[in-house]
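Values below: every heavy atom of this structure, side chains too, minus hydrogens, waters and symmetry copies. Remember, it's a predicted structure, so these values are computed and weren't measured experimentally. As the structure lists them, so they are numbered: ligands from 1, and atoms in each ligand from 1.
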Amino acid sequence: MAAVLRKLIQGRLPALAGVLCRRSGNEGHLFLNSSGSTLMQPRCGYSSPTESVIVEMDKATGVALLKLNIPPVNSLSLPLLTELAIVLDKLEMDKHCRGLILTSAVPNIFSAGLNLFDMMDKPNEHYSEFWRAVQEIWIKLYGSSLANIAAINGSSPAGGCLLALCSDYRIMANNPHFTIGLNETRLGIVAPFWFKDTLLNTVGKRTTEISLNLGALYSPTEALSLHLVDRLVPETQLLSAATEEMGRWLQVPDHARQITKSMIRKSTLEGLLNQREADIKNFVEFISRDSIQKSLQFYAQSLQKQKQHIHPPSSSCRQQISSVTFARSPWYSLIQRS
Ligand SMILES: CCCCC/C=C\CCC/C=C/CC(=O)SCCNC(=O)CCNC(=O)[C@H](O)C(C)(C)COP(=O)(O)OP(=O)(O)OC[C@H]1O[C@@H](n2cnc3c(N)ncnc32)[C@H](O)[C@@H]1OP(=O)(O)O
């Protein structure tokens with residue numbers, strides 16, 4: 001079974017694998033730039049603010065801390081997804097790496113989900129390439145043989161929530177301004193079946209039904225009560241809590257944990273692996289419709305309008321606007337009763 005997981009992970013993006021560079025003199029740190037070309041060049045200075053995926057490897061424990069670092073909101077663009085795929089391959093192939101903690105280097109945001117602009121006003125070839133990259137990240141993360149903990153240090157809508165759902169355990173910072181959930185329907189789009197399956201496997205059918213249909217975004221407390229996340233901690237303790245939790249997962253022999261994980265996730269993974277091309281075709285057909293494009297444009301504009309109503313838009317104020325707009329969910333009480 002572990003071999004199945006490994007096979008799912010290896011062999012993808014082979015041309016890109018192995019192009020990561022390690023920072024000399026700062027062992028165990030991998031950094032990638034959002035520009036594909038710089039990946040191919042050995043680099044010696046990595047403190048540039050344009051670093052989009054940062055990995056800090058603790059060689060003593062074999063735990064990699066992976067931080068998404070694309071301000072302002074860590075939206076999952078095609079270049080970011082491509083880089084992330086390379087990093088994940090590299091970590092899977094590193095025999096010393098046993099665990100992965102996924103978090104964000106951007107204050108208050110874990111990830112805003114898929115980059116809206118990769119789904120708007122583009123040729124079909126772009127949609128197709130973009131969606132393949134989205135699939136790839138899900139396959140790598142959901143099928144990862146590493147113990148994987150999400151340290152959710154900010155809002156995490158849609159594709160951001162999916163990233164967190166791929167982990168084995170989710171710890172969220174207990175800040176009432178943060179929200180998490182699969183809100184696709186609110187944008188006039190539809191979460192594909194494998195987003196749905198990932199949520200379903202985590203929270204069960206009734207919560208999935210209500211959450212997906214209504215595009216609900218939840219506060220940390222709500223998310224905890226629905227088992228969308230496993231634990232809440234004060235923001236300042238998030239990384240130490242994730243590290244401590246990882247210790248618990250690494251006490252289990254890797255092969256036993258990996259085979260168990262594979263047993264549980266294999267059929268869900270195969271659901272997509274067996275029909276990737278059809279899923280890409282569906283996405284392209286769906287996203288290129290005029291009505292869907294209009295919905296996305298309207299939504300993207302509404303994000304910008306929220307800001308225009310407030311002058312000057314302090315970051316704490318903006319956070320509150322987003323929370324009020326998307327998070328307070330009257331249907332939450334329905335779930336509580338169900
Ligand atoms: C029948 C078969 C069907 C098959 C269908 C198949 C597939 C279709 C489904 C595709 C799946 C999509 C999943 C997704 O992930 S869609 C993306 C959903 N994301 C969101 O809804 C999040 C939107 N963003 C927010 O809610 C907020 O930005 C925030 C993350 C809470 C942060 O708030 P705040 O700190 O206040 O920041 P701003 O709102 O001011 O944003 C700053 C800046 O960033 C831009 N931006 C925000 N989100 C995105 C994004 N996802 N992509 C690109 N850009 C984003 C925002 O517009 C601001 O830009 P400006 O500074 O230029 O104004």
Is there a heavy atom of Ala191 sitting under 4.0 angstrom from any atom of ligand 1? no
Which atoms of ligand 1 have any heavy atom of Ala158 under 4.0 Å away? 13 (C), 14 (C), 15 (O), 18 (C)
Candidates Gln304, Arg186, Gln301; heavy atom nearest atom 62 (O) of ligand 1 found on Gln304
Under 4.0 Å from any heavy atom of Met119, which atoms of ligand 1 are there? 16 (S)
Is ligand 1 under 4.0 Å from a heavy atom in the side chain of Leu114, in the backbone, in both, or in neither? both
In Å and rounded to the nearest 0.5 Å, what is the OG to CZ distance from Ser288 to Phe283? 9.0 Å
Under the 4.5 Å side-chain heavy-atom rule for ILVMFWY, direct or indirect, which residues accompany Leu239? Val63, Leu65, Ile101, Ile149, Tyr169, Ile171, Val233, Leu238, Met246, Trp249, Leu250
Could you name the option among Val284, Val190, Leu303 that has the heavy atom nearest to atom 8 (C) of ligand 1? Val190
Ligand 1 N/O within reach of Leu116 N/O, cut-off under 3.5 Å: yes
Distance under 4.0 Å to a non-hydrogen atom of Gly159: what atoms of ligand 1 satisfy this? 14 (C), 15 (O)
Under the rule for side chain to side chain donor-acceptor pair (under 3.5 Å), what residues qualify as partners of Glu285, not counting sequence neighbours? Arg289
Judging by distance only, is a nitrogen or oxygen of Glu184 under 3.5 angstrom from one on ligand 1? no
Check for a donor-acceptor pair, side chain of Ser144 on one end and backbone N or O of Leu141 on the other, with a separation under 3.5 Å. no
Starting at CH2 of Trp131, measure out to NE2 of His126 and round the result to the nearest 0.5 Å. 12.0 Å
Short side-chain donor-acceptor distance under 3.5 Å, Asn175 and Glu235: yes
Record the part of Leu162 in heavy-atom contact with ligand 1 below 4.0 Å; permitted values are side chain, backbone, both and neither. neither
Are any of the N or O atoms of Trp131 closer than 3.5 Å to those of ligand 1? no
With heavy atoms only and a cut-off of under 4.0 Å, state how Asn108 meets ligand 1: side chain, backbone, both or neither. neither
Quiz question: by atom type and distance under 3.5 Å, do the side chains of Tyr218 and Asn183 form a donor-acceptor pair? no
Please list, in number order, the atoms of ligand 1 under 4.0 Å from a heavy atom of Gly113. 15 (O)
Charged N to carboxylate O below 4.0 Å: is that the case for Glu56 and Lys67? yes
We want to know whether Ser111 and Asn74 form a side-chain donor-acceptor pair, criterion being a heavy-atom distance below 3.5 angstrom. no
Between Thr185 and Asn213, is any side-chain donor less than 3.5 angstrom from a side-chain acceptor? no
With respect to atom 54 (N) of ligand 1, which of Trp194, Phe283, Phe117 exhibits the smallest heavy-atom separation? Phe117
Hey, looking at atom 22 (C) of ligand 1, which of Ala112, Gly188, Gly181 has the closest heavy atom? Ala112
Non-hydrogen atom of Asn282 closer than 4.0 Å to ligand 1: no
